[in-house]
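Since this is a predicted model, take the numbers as computed values, not measurements. Each chain gets a letter, A, B and so on, in the order its sequence line appears, and its residues count up from 1.
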Number of protein chains: 2
Amino acid sequence: MKPSVVTIEPNGHFCDDCAVRGAAVCSSLDAAELREFEHLGRRVHFGSGETVFSEEEITTSFYNVLEGVMRLYKLLPDGRRQIVGFALPGDFLGMNLSGRHNFSADAIGAVTVCQFAKAPFSRFIEDRPQLLRRINELAIRELSQARDHMVLLGRRSADEKVATFLLGWRERLVALKGLSNTVPLPMSRQDIADYLGLTIETVSRTFTKLERQGVIEIIHGGISLLDPARVEAMAAA
Amino acid sequence: MKPSVVTIEPNGHFCDDCAVRGAAVCSSLDAAELREFEHLGRRVHFGSGETVFSEEEITTSFYNVLEGVMRLYKLLPDGRRQIVGFALPGDFLGMNLSGRHNFSADAIGAVTVCQFAKAPFSRFIEDRPQLLRRINELAIRELSQARDHMVLLGRRSADEKVATFLLGWRERLVALKGLSNTVPLPMSRQDIADYLGLTIETVSRTFTKLERQGVIEIIHGGISLLDPARVEAMAAA
DNA sequence: ACTCAAATTTGATCTGAGTCAATCGGCTTT
DNA sequence: AAAGCCGATTGACTCAGATCAAATTTGAGT
């Protein structure tokens, strides 16, 4: 990993050319509000492996992911890690009650976020219930995903976990980039293992097994889904 | 399980004598609003084992738990079950995006809920941002708990799971009934197993092991924490 | 108290996934 | 192009927790 540097763009960027304008929290704002809103956020770049925020850190900002992928994770005191999710463009991060982040987030590859200072953002929400409603929607969606993931972690076999992950990840990329049987996997095997509650060896073996069965092909930086139906059958169980 | 019957109280119950008035969603309402609010909800009783709502069912109501304990769970097609949480008085259930419940809920022992029809409740929220903010708070808290539970399911050993569960459950009861080393466990061993991603045998054996170590005592309908510090040590790992 | 059914505990055995240990392959650096 | 490094793969072996199979306890109904 090269020593990457956090970069804050000097200015000149506006919501107009923002890729996630229609998708993210911003989708609840009209043109006039958006103009006001864009003064609150600033684009910030993070290099690969860079930490955007850490668990237990006091929340000073909210983040809207614009580009790239992030891993969201929690650590146990002895170093065991559980990845609670991957963030993609359009995802909104930083909501919490205690005033502290309840997970850590770092960049997988280059990442651009739209960063909002907590206080002005909170003030902006204050008299815009539709923005609050939008944030509530996002929280409820995440809650639903979290529950699905609990089922996976608590009750599924390694094969089912991996198959479910591949389909779910592809599904999320479809929404961003359109349908394709080529599924880029920017995260490492260790990341996948920590997301699925497995070890890196088990993930690797399962990939190899799927490839030998002719169900997927392991390619550089991802996999190719040769037989999506079979993968779905494995995931459904 | 005797054939229990859902009972709707004829009327005459008001928020004034509601045990969770200060704790639940209602805590965001002033006296005048509460008066209006109480016409929206009706108290409904469920017998032991009774299902309050099922996953994939269209959401017609929201629920505020007033008395008793509920298990919230998801089933895989082959019958494997993951309990995603237990609901206690003050908990608010039914929020979702798709218009369908994303888990099932049933009563563990007798339960009383305050049931709100979806449409009037949504209308009531409409111009009361502080109620929406309260609901958002509850969602964010649950999200944080869900992530903690993911760590437990994905990365903790059976011993750690059981110890963590006992402490967490006690913690929730403390908030309702005050501190005590006697921890009632109204749910079955199977429920605990399905909550922790274990089998009933492993839960039973772990309880027995803890008892033999003199850390807990298994009593009728629950356990007694003889050595909370040791349990905490097991949970921390 | 007595009976039957269900829940829990206990024991014996099995196995899926973890652990430990090489090895491989692709990049980067020199 | 050789060396070194890091992530990924593969193999051999182990073990925590699952599975299978009885007891044993508990509880509701008679």
request  = Let me know the distance between CD of B:E211 and P of C:dT9, rounded to the nearest Å.
outcome  = 9 Å
remark   = When rounded to whole Å, the CD1 to P distance for the pair B:I200 and D:dG17 reads 17 Å
query = B:E201 has an atom CD; how far is it from atom C1' of C:dG11, in whole Å?
reply = 11 Å
request  = For the residue pair B:F103 and B:F53, categorise the inter-ring angle as parallel (less than 30°), tilted (30 to 60°) or perpendicular (more than 60°).
outcome  = tilted
message = At 4.0 Å (heavy atoms only), tell me whether A:S188 reaches a base, stays on the sugar-phosphate, or touches nothing.
response = sugar-phosphate
inquiry  = Nearest heavy atom decides the nucleotide; on that basis, is A:Q190 or A:R155 closer to the 5' end of DNA chain D?
reply    = A:Q190
query = In terms of side-chain heavy atoms of B:H220, which of D:dT9, D:dT26, C:dT9 is nearest?
reply = D:dT26
ask   = Is the shortest distance from a Lys or Arg side-chain nitrogen in B:D194 or A:R155 to a carboxylate oxygen in the other one below 4.0 Å?
value = yes
task = Kindly say if B:T202 contacts the phosphate of D:dA18, meaning a side-chain N or O under 4.0 Å from OP1 or OP2.
result = yes
query = Looking at B:Y73, does the NZ or CZ of B:R81 lie under 6.0 angstrom from its six-membered ring centre and within 45 degrees of the ring axis?
reply = yes
note = Separation of C:dT8 atom P from B:L185 atom CG, nearest Å, is 10 Å
message = Regarding A:K74 and A:E56, does a basic nitrogen lie under 4.0 Å from an acidic carboxylate oxygen?
response = no
message = Between C1' on D:dG7 and CG on A:D194, what's the gap in Å once rounded to a whole number?
response = 14 Å
remark   = Closest to the side chain of A:I218, out of C:dG18, D:dT9, D:dA18, is D:dT9
ask   = Once you round it to whole Å, what is the distance between P of D:dG17 and CZ of B:F207?
value = 15 Å
ask   = Base, sugar-phosphate, or nothing: which does B:G197 touch, judged by heavy atoms less than 4.0 Å apart?
value = sugar-phosphate
message = Quick check on the 6.0 Å ring-centre criterion: do A:Y63 and A:F116 meet it?
response = no
task = Could you please name the option among C:dA17, C:dT8, D:dT19 that lies closest to any side-chain atom of B:T199?
result = D:dT19
query = If you check the A:L198 side chain, which of C:dT8, D:dG17, C:dA17 turns out closest?
reply = C:dA17
message = Taking any heavy-atom pair under 4.0 Å as a contact, classify A:S204: base, sugar-phosphate, or nothing.
response = base
request  = Using atom CZ of A:R156 as one end and atom P of D:dA18 as the other, report the distance to the nearest whole Å.
outcome  = 17 Å
ask   = Could you state the NZ-C1' distance from B:K209 to D:dG17, rounded to the nearest angstrom?
value = 11 Å
key: Base of D:dG11 paired with side chain of A:R205 (donor-acceptor, under 3.5 Å)   = yes
